Every structure is written in C-alpha cells, then in structure tokens.
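All figures in this text were calculated on a predicted structure; none of them were measured in a lab.
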Amino acid sequence: MVPVIQAARSPGLSTRLQGDTYIIENTRDTAPPFSLPLTLDCGQAFRFDQDHLGRWYGVAGDVLLCAQTVKERVEFYGVSADTAAFIDHYFDLSCDYAPLKELFCRRRPLRLAVEQFPGIRVLRQNAFEALCTFILSQNNNITRIKGLVQRLCQLTGQPFCSPLYPGRTFYRFPAPADLAGLEVSDLAPVRAGFRAKYLLDAARRVHAGQVDLERCRTLPIDEARQHLMQIYGVGPKVADCALLYGLYRTECVPMDVWMKRVMKELLPGGFPRYMRPYAGIAQQFLFHYARQNAALFKEKEPAAPAKDSLSIGG
DNA sequence: ACCCAGGTCGGCT
DNA sequence: AGCCGACATGGG
C-alpha cells in the first residue's frame with residue numbers, strides 16, 4: 001500500500017553531477033527521461049515558471065530549482081550534492097515509471113492518455129504546501145492559483161537569494177508556524193477571498209499538532225482522509241490532493257470536475273483493481289489528457305467524445 | 001458584462 | 001444521502 005514499484009535495480013534513469021549541473025538521462029532509449037513542462041505545469045505544483053531562456057525554475061523545499069531539457073536529457077543548474085539528493089526525492093527518480101505505464105496501458109483510454117503525454121511524473125511535494133495550495137485551488141483556475149501562492153509566499157515565506165538569478169529574491173513556502181498566528185486580515189494582500197480562513201485553520205491545526213500530516217502517510221487511507229477533513233474548508237477533493245501530492249498516497253484519486261467528466265466517459269467502472277494502488281498516478285495522466293482535449297470532455301450533458309478515437313471500454 | 005475556475009459549507013428536502 | 005446557492009476574486 002505504500003510506495004510505488006521502487007525498482008532500485010533498473011530505474012530506467014541515470015543521474016550524474018557534472019560540476020554543479022545535475023544530468024538526468026533515460027537509460028532505455030534516447031527519449032527524454034521525463035517532461036519538465038508536463039510535470040511542473042500539469043496542475044500538481046503551482047510554483048514553477050519559465051524564464052526568458054526557456055528554463056523552468058521555481059522554489060521547492062528550501063531551494064530554487066532551475067532546469068532545462070537539452071538533447072534528450074534534463075539538466076538542473078547550480079546543484080550541490082544536497083540539492084541533487086533533493087531532486088532525486090522531489091521528482092521521485094527512484095520510481096520506475098515504465099512498469100506503471102505498462103500497467104495503465106492495459107486499458108485503452110488510459111493508453112491514449114499515457115501515449116499522448118508520456119513525460120508526466122507525480123512529484124513528492126512538501127505535505128503542508130500541498131495541503132495549502134490545494135485549499136487555495138478550490139473554485140479557482142490554475143493561473144490565479146499560482147498568483148495566490150506566489151503572493152502568500154512573498155508575504156509570509158522566508159526570503160532567500162540564488163546565484164542562478166542574481167538580484168532576485170525568492171521565497172520559501174511558509175511553515176505552519178509562519179501562518180498560525182495570523183488573522184484573515186493579515187492575508188488580505190494575498191487576495192485569497194473566502195479561502196483565507198480555510199488556510200489559517202489548516203495552519204493552526206497543523207501547528208498545534210491537532211492535524212498530524214506525517215501520520216497521514218501511513219494511516220489507513222479512509223482514516224487519513226477523515227483526519228484531514230477535520231480542517232475547515234478541506235473536503236474529499238482537497239484531502240486527496242494533499243494525500244497524493246504531499247504524502248505520496250498514490251492510491252488517492254482527487255475527483256475534480258475534469259476527473260468526473262473523464263471517468264464517466266472513459267472508465268465508468270472505475271480503475272481496475274490491479275492499478276488501484278497507483279490510481280493517483282494514472283489520474284495525473286487522465287487529468288492532463290482531459291484538459292488538453294477539453295473539447296471532448298467539456299460538454300455538460302451527453303455529447304460523448306468522438307468514439308472513433310476514444311473507444312470506450314477496453 | 002458574463003462565465004467559469006483541480007470545492008466546500010450550510011441549509012434544504 | 002443528495003441537491004443547491006453562496007462564497008471572493010479575477011482570467012479569458
């Protein structure tokens with residue numbers, strides 16, 4: 001129930017630190033190991049953008065990450081040994097996605113999603129950050145969520161500098177203690193609207209130990225979900241996001257409007273039992289697939305997707 | 001101006 | 001248990 005296939009022997013990826021550049025390659029073929037834009041901008045993390053050179057950069061944990069795809073390789077810049085270890089963890093590089101994708105591809109609709117967007121990976125984000133950012137996500141669009149998170153970090157997070165971007169200031173995501181003592185009025189500059197009070201309730205409960213995020217890593221999944229849902233403003237969807245993205249509970253499938261549409265059309269019977277432990281990862285492929293093929297799934301009522309290309313069932 | 005956005009809450013049946 | 005409007009804000 002815990003991890004995904006750990007595959008220490010054949011992770012499918014090789015990594016090496018050359019100077020301060022951390023290079024990640026695919027050991028199986030010449031294809032890129034994973035897609036930076038798909039992984040960083042597919043609606044799981046909200047702190048990454050592209051700079052004027054096209055490099056992806058953003059704060060994760062305590063550090064600024066800056067990366068680019070160069071000739072079938074992913075390169076991270078300004079990387080220390082500690083940062084390299086963090087990258088391994090954050091991008092879950094010890095997890096081999098090949099057998100997972102093979103599993104998913106046994107169902108045709110999932111195969112279409114995986115084949116169209118093979119570079120997606122589910123990140124291992126900080127649990128409190130995942131909880132908070134998905135509290136901010138509710139009834140909101142991704143562009144604006146990124147703005148809210150950015151302003152929250154500027155207002156309450158710890159500032160630091162990076163030699164990668166001289167003269168700029170970056171901000172870590174606030175710790176529970178950074179938020180627990182604040183009032184809704186203090187968060188006004190964030191412009192989070194009705195979500196501000198939810199955010200503060202989460203911070204206070206985590207800070208007070210009333211909510212134990214780490215315990216949710218191992219609790220039976222229904223108990224973990226209920227434990228998080230004691231937070232005012234956290235329902236089943238946000239709880240599942242915190243569990244999947246922040247606590248690596250890969251059996252969780254956050255059901256937002258898009259996933260409801262795509263499941264109804266493509267997997268009306270739900271995920272097959274054999275992929276249930278990793279259904280959250282399959283979800284990431286389906287979620288992106290649905291959004292990128294919005295015209296097929298946006299229809300309110302029947303308007304089934306083109307049965308020609310999206311055959312139902314397996 | 002209008003609609004919607006990776007939902008949840010409180011108040012109804 | 002399930003439906004429905006309100007909720008703050010602003011991007012397209």
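Rounded to an integer number of Å, the gap from CZ of A/Arg261 to C1' of B/dG7 is 14 Å. Remark: P of B/dG7 and CG of A/Leu199 are 16 Å apart, rounded to the nearest angstrom. One can place CG of A/Asn139 at 6 Å from C1' of B/dA5, the figure rounded to the nearest angstrom. Atom CG in A/Leu148 sits about 13 Å away from atom P in B/dG7, given to the nearest Å. Atom CG of A/Asp240 is separated from atom C1' of B/dG7 by 13 Å (rounded to the nearest Å). When rounded to the nearest whole Å, the span between CH2 of A/Trp258 and C1' of B/dC4 equals 11 Å. Atom CZ of A/Phe297 and atom C1' of B/dG6 are 16 Å apart (whole Å). Between the CD atom of A/Gln292 and the C1' atom of B/dG6 there is a distance of 14 Å, given to the nearest Å.
Using a 4.0 Å heavy-atom distance criterion, A/Met255 is classed as making no nucleic acid contact.
Across C/dT9 and B/dA1, the matching C1' atoms stand 16 Å from one another, rounded to whole Å. Straight-line distance between the C1' atoms of C/dA6 and B/dC4: roughly 15 Å, to the nearest whole Å. Between C/dG5 and B/dC3, the distance separating the two P atoms is 14 Å to the nearest Å. Using P as the reference atom, C/dA8 and B/dG11 are 15 Å apart when rounded to the nearest Å.
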Footprint string (nucleotides 8-13 of chain B, 5' to 3'): B base within contact, S backbone only, - free, heavy atoms under 4.0 Å: SSS---
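Remark: A/Glu102 CD is loosely packed, at most 12 non-hydrogen atoms of other residues, nucleotides or ligands lying under 6.0 Å away.
One finds a salt bridge joining A/Asp201 and A/Arg205 here, because a Lys/Arg side-chain nitrogen approaches an Asp/Glu carboxylate oxygen to under 4.0 Å. The pair A/Asp240-A/Lys237 fails the salt-bridge criterion, with no side-chain N (NZ, NE, NH1 or NH2) lying under 4.0 Å from an Asp/Glu carboxylate O. Using a 4.0 Å cut-off between charged side-chain N and carboxylate O, A/Arg124 and A/Glu129 make no salt bridge.
For C/dT9, the base has a donor-acceptor partner in the side chain of A/Arg144 [N/O atoms by modelled type, under 3.5 angstrom].
A/Leu136 and A/Ala192 make their closest contact through CD2-CB, 4.0 Å (heavy atoms, listed as atom of the first residue, atom of the second, distance). In terms of heavy-atom proximity, A/Tyr165 sits nearest to A/Cys66 at OH-SG, 3.5 Å. The heavy-atom pair separating A/His227 from A/Cys216 by the smallest distance is CD2-SG, 3.5 Å.
Checked against a 6.0 Å centroid threshold, the rings of A/Phe91 and A/Phe76 count as neighbours.
By the stacking rule of 5.5 Å between ring centres and under 30° between planes, A/Phe287 stacks on the base of B/dG6.
Phosphate proximity of C/dA8 to A/Arg195: absent, as no side-chain N or O sits under 4.0 Å from OP1 or OP2. Between A/Lys197 and C/dA8 there is a side-chain polar atom (N or O) within less than 4.0 angstrom of OP1 or OP2.
You'll find that the side chain of A/Arg191 is closest to C/dT9, out of B/dG6, C/dA8, C/dT9.
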